[in-house]
K.L.:
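One structure, as structure tokens, below. Some questions next.
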Amino acid sequence: MSVFFKDPENMDDFLEDFLCRDIPFGSWFNHVKGWMEMQGKDNFMFNTYEDLQKDLRGSVIKICKFLGKDLDDKAVDSVAENVSFANMKENSMANFTLVSSEFMDHGKSPFMRKGIVGDWKNHFTVAQNEFFDKIYKKEMQDVHVKFPWDTSMEK
């Protein structure tokens, strides 16, 4: 939906471009590796979407502690409710519907689709998954962080 990306003809082309080519805004792998270099620094906190989905309220509390903010239960519950996927999907300040069509083609897809962890399994073929795993292992071999999605992969 981003006008900065060329429309792929199919999922194989998209995966090839996303995983192996120089794309607008750079490599996902370089992006993640750059942030992981911050691991252990006082001004860096790491939380995944999977963590948010597993325990949103707990993640809010973890973020509060990181920021040095002490919220009461009512405030934590309010934050968790307002940052839930369902609420953010409907919130024009979060769902990118306010972004001009000059930058995003909203007719192609909503920016926030389902919010389901692991939904890629419903879209990738076995061959696409194997291709992704091969590139992921190669690109992330020197990253010493265990991500939730690494459980099925050996590094």
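In this chain, numbering begins with 1 at the start of the sequence shown. What you are looking at is a predicted structure, and each value in this text was computed from that prediction instead of being measured.
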K.L.:
Considering only heavy atoms from C-beta outward, does the side chain of Asn43 approach that of Met38 to under 4.5 Å?
P.N.:
yes
K.L.:
Does a side-chain heavy-atom distance below 4.5 Å link Phe29 with Ile135?
P.N.:
yes
K.L.:
Listed by chain and number, what are the side chain to side chain contact (heavy atoms under 4.5 Å, CB included) partners of Met112, not counting sequence neighbours?
P.N.:
Phe85, Met88, Lys89, Asn95
K.L.:
Does Phe124 have any ring pair (Phe, Tyr, Trp, His ring centres under 6.0 Å) partners at least two apart in sequence or in another chain, and if so, which?
P.N.:
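Counting only residues at least two positions away or on another chain, Phe124 forms a ring pair (Phe, Tyr, Trp, His ring centres under 6.0 Å) with Trp120.
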K.L.:
Who passes side chain to side chain contact (heavy atoms under 4.5 Å, CB included) against Lys62, sequence neighbours left out?
P.N.:
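So Lys62 forms a side chain to side chain contact (heavy atoms under 4.5 Å, CB included) with Met45, Asn47.
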K.L.:
Hey, what do you get for CG (Asp55) to CD1 (Ile61), rounding to the nearest 0.5 Å?
P.N.:
7.5 Å
K.L.:
Checking the side chain of Asn87 only, and the main-chain atoms of Ser84 only, is there a donor and an acceptor separated by less than 3.5 Å?
P.N.:
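No; zero donor-acceptor contacts below 3.5 Å.
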K.L.:
Taking all atoms of both residues into account, what is the closest heavy-atom pair of Ser109 and Met1, and its distance?
P.N.:
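So the two residues come closest at O-CE, 3.2 Å.
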K.L.:
Provide the closest heavy-atom pair for Pro110 versus Arg113 in the form atom of the first, atom of the second, distance.
P.N.:
O-CG, 3.6 Å
K.L.:
How long is the span from the NZ atom in Lys121 to the CD1 atom in Ile116, to the nearest 0.5 Å?
P.N.:
12.0 Å
K.L.:
Say whether Met11 and Ile23 are linked into one hydrophobic cluster, either directly or through other cluster members, by side-chain heavy-atom distances under 4.5 angstrom.
P.N.:
yes
K.L.:
Under 3.5 Å, side chain of Ser78 to main-chain N/O of Lys74, donor-acceptor pair present?
P.N.:
no
K.L.:
How far apart are the closest heavy atoms of Gln53 and Gly115, and which atoms are they?
P.N.:
OE1-O, 3.6 Å
K.L.:
Any side-chain heavy atom of Phe25 sitting closer than 4.5 Å to one from His31?
P.N.:
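No - every pair of side-chain heavy atoms lies 4.5 Å or more apart.
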K.L.:
Pairs in or reaching into residues 31-49: which pass salt bridge (Lys or Arg N to Asp or Glu O under 4.0 Å), with residues at least two apart or in two chains?
P.N.:
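For residues 31-49: Lys33-Glu139.
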K.L.:
Is there side-chain contact between Phe46 and Phe66, with heavy atoms separated by less than 4.5 Å?
P.N.:
no
K.L.:
Can you tell me how far CG of Leu67 sits from NZ of Lys65, rounded to the nearest 0.5 angstrom?
P.N.:
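Spacing of NZ (Lys65) from CG (Leu67) equals 13.0 Å.
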K.L.:
So Trp149 and Tyr136, would you call those rings parallel, tilted or perpendicular, with 30° and 60° as cut-offs?
P.N.:
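The rings of Trp149 and Tyr136 stand perpendicular, inter-plane angle above 60°.
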K.L.:
Do Phe44 and Val143 sit in the same hydrophobic cluster, where Ile, Leu, Val, Met, Phe, Trp and Tyr count as joined when their side-chain heavy atoms come under 4.5 Å apart?
P.N.:
yes
K.L.:
Please give me the minimum heavy-atom distance between Val3 and Met104, naming the atom from each residue.
P.N.:
CG1-N, 4.2 Å
K.L.:
Output the distance between atom NZ (Lys138) and atom CG (Asp142), rounded to the nearest 0.5 Å.
P.N.:
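Nearest 0.5 Å value for the NZ-CG distance: 11.5 Å.
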K.L.:
Would you say the side chain of Arg57 lies within less than 4.5 Å of the side chain of Val76, judging by non-hydrogen atoms?
P.N.:
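The answer is yes; the side chains approach within 4.5 Å.
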K.L.:
Run the ring pair (Phe, Tyr, Trp, His ring centres under 6.0 Å) test against Phe96 and tell me which residues pass, sequence neighbours left out.
P.N.:
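Expected list: Phe111.
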K.L.:
State, yes or no, whether a side-chain contact exists between Asp7 and Lys108 at a heavy-atom distance under 4.5 Å.
P.N.:
yes
K.L.:
Is it the case that more than 12 heavy atoms not belonging to Trp35 sit under 6.0 Å from its CH2 atom?
P.N.:
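No, because the 6.0 Å sphere around CH2 of Trp35 holds 12 heavy atoms or fewer from other groups.
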K.L.:
Do Leu71 and Val79 have side chains that get closer than 4.5 Å, going by heavy atoms?
P.N.:
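Sidechains of Val79 and Leu71: in contact.
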K.L.:
Taking the side chain as everything from C-beta on, heavy atoms only, tell me whether Gln128 gets closer than 4.5 Å to Phe132.
P.N.:
no
K.L.:
Holding to salt bridge (Lys or Arg N to Asp or Glu O under 4.0 Å), I want the full list of residues that pass it with Asp13, two or more places apart in sequence or in another chain.
P.N.:
none
K.L.:
How long is the straight-line distance from CG of Asp51 back to OG of Ser59, given to the nearest 0.5 Å?
P.N.:
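Ser59 atom OG to Asp51 atom CG measures 5.5 Å (nearest 0.5 Å).
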K.L.:
I need the His123 NE2 to Asn129 CG distance, nearest 0.5 Å.
P.N.:
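So the NE2 of His123 and the CG of Asn129 are separated by 13.0 Å.
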K.L.:
More than 12 heavy atoms of other residues, nucleotides or ligands under 6.0 Å from CG of Asp70: is that the case?
P.N.:
no
K.L.:
Pair Met140, Val32 - check side-chain contact (heavy atoms from CB on, under 4.5 Å), show working.
P.N.:
CA-CA 9 Å; Met140 302 300 282; Val32 172; 3.7 Å; yes
